[in-house]
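All chains are named by letter (A, B, ...) in the order of the sequence lines, taking the proteins before the strands, and each is independently numbered beginning at 1.
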Amino acid sequence: MSSPGRTPQAIEIQVEVEVEEERDFACSPKPNTSHASLPQPSPSATASTHQWPAPNTMSLPRSNYDPRRVCLNPFPEFTLGKHRRTVGVYLAGALFALAQWTFLDAAILSKHAKAPWGEPDTPAPVHVTFVDWIPGICSLLGFLVVNLIDKDRIRGDEGFGDSRAVWRARLFLFIGFALMAGGLAGSITVLILKYILNEYPEQFTYYGYANVSQNVALMLSAIVLWIAQSGSSEYEYNLTL
Amino acid sequence: MAAGLKSKSKTKSKVLLLRSVAAVILLSFVLAVGFLMIILSCALYQNWLPLLVALIFVLAPLPNAIFSHCGADDFAGSYENSSGPVDLGRFITAMIVVTGFALPIVLAHSAVITPGSCAMSIIGGGLVYGTILTYSQAFKQEDSEYD
């Protein structure tokens, strides 16, 4: 990763009056602000060799302690070339529709299923109710939240001015992913509590499995869309450097 | 020399025209077969729900066509025209295509339509959408040839 880190460097001050600073200005994105935030000692006050403790050991490679690394995607580069973004977006749309249709299939099947197989007189023991819809709705909300966030805000590069915007963007990203993960967990909960523990026949546990696969496909769709869109900006980023 | 070159280019354009006319006729034939399949899948089983498949597949390229004029900047996106609206158009197009294939399967699964009707409408829808795709692709290639 070629992104510059913003960690303060060790500053050595000799016994002499002259102050020697080791800081590469080309690497730090905002030299002025980092300059102002560090407490600068007056040269007369320090009589001994003074060294600020570096927050991380410098032997590590830069990308291992870059605090922004959490939000940069660590996925490997695919070799789809320049059509990568297009293919990814199409694939994400297909996965999204597949997710919705998987669950709608279960709902329509439940509406039309009158009886278990082989015994046409007894009514169906269980139907798809609103409880089954809740995980899908959560996942859908999470999908929307995750994809409405500007990717450049999360990376937190310079040029946006407001540093709190980055923080808020990350918070909303977290909320979005938490909603999606909650939807997935909720669907598994519904599958186990409503269908498996009551030991319905396989015809009816299919509703639960359809619910789980809906949420898994939604999550996959979000991931594919994320990779497709952020990979391209990475490409442009490398070009501009 | 110039006259010979002109006549050569004329015959070349004539051949191109003939080829494109043949392609258009073939494509329209395939399109008609696709619609025939869909209508047969409805009419043979007295259930007109699969006609929705034809509507969906006709609507499928529409978001792509609308949104492709939104983001394409001549200077910025020379590698690939990638912006938010274009991506949204592609996303919706992919959604609609998958919907077109999934709708007959879902209807057949819950026994609203018969499996034969499902298969026929899927094949017909695939033919219709393939025709639309091939037609737009052919036009795109002709445009780039004149550049």
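The structure places CG of A:Leu91 at 5.0 Å from CG of A:Leu95, a figure rounded to the nearest 0.5 Å. Interatomic distance, CG of A:Leu184 versus CD1 of A:Ile188, reported as 4.5 Å (0.5 Å rounding). The line from CD1 of A:Ile192 to OG1 of A:Thr205 is 12.5 Å long, rounded to the nearest 0.5 Å.
Screening B:Leu127, B:Thr131, B:Val58 against B:Phe35 for a side chain to side chain contact (heavy atoms under 4.5 Å, CB included) leaves a single residue, B:Val58. A side chain to side chain contact (heavy atoms under 4.5 Å, CB included) with B:Val106 is found for one member of A:Thr102, A:Ile108, A:Leu104 and no other, namely A:Ile108.
Only the side chain of A:Leu225 comes within contact range of chain B, with at least one heavy atom under 4.5 Å from a heavy atom of that chain.
Ranking B:Val98, B:Ile92, B:Leu103 against chain A, the residue ahead of the rest is B:Val98, based on heavy-atom pairs under 4.5 Å.
In this view, A:Tyr90 and B:Asn64 satisfy the side-chain hydrogen bond (donor to acceptor under 3.5 Å, both in side chains) rule, not counting sequence neighbours.
No more than 12 heavy atoms of other residues, nucleotides or ligands lie within 6.0 Å of CZ in A:Phe172, so this atom counts as exposed by the packing criterion.
Using a 4.5 Å heavy-atom threshold, the side chains of A:Gln100 and B:Thr99 count as separate.
The closest donor-acceptor contact from the side chain of A:Asn215 to the backbone of A:Asn211 lies under 3.5 Å.
Every pair passing ring pair (Phe, Tyr, Trp, His ring centres under 6.0 Å) that includes a residue from residues 91-130 of chain B is listed here, sequence neighbours excluded: A:Phe96-B:Phe91, A:Tyr206-B:His109, B:Phe57-B:Phe101, B:Phe57-B:Tyr129.
Listed by sequence position, the residues of residues 39-50 of chain B in contact with chain A number zero, using a 4.5 angstrom heavy-atom cutoff. Using non-hydrogen atoms only and a strict 4.5 Å limit, the part of residues 132-143 of chain A facing chain B consists of A:Phe143.
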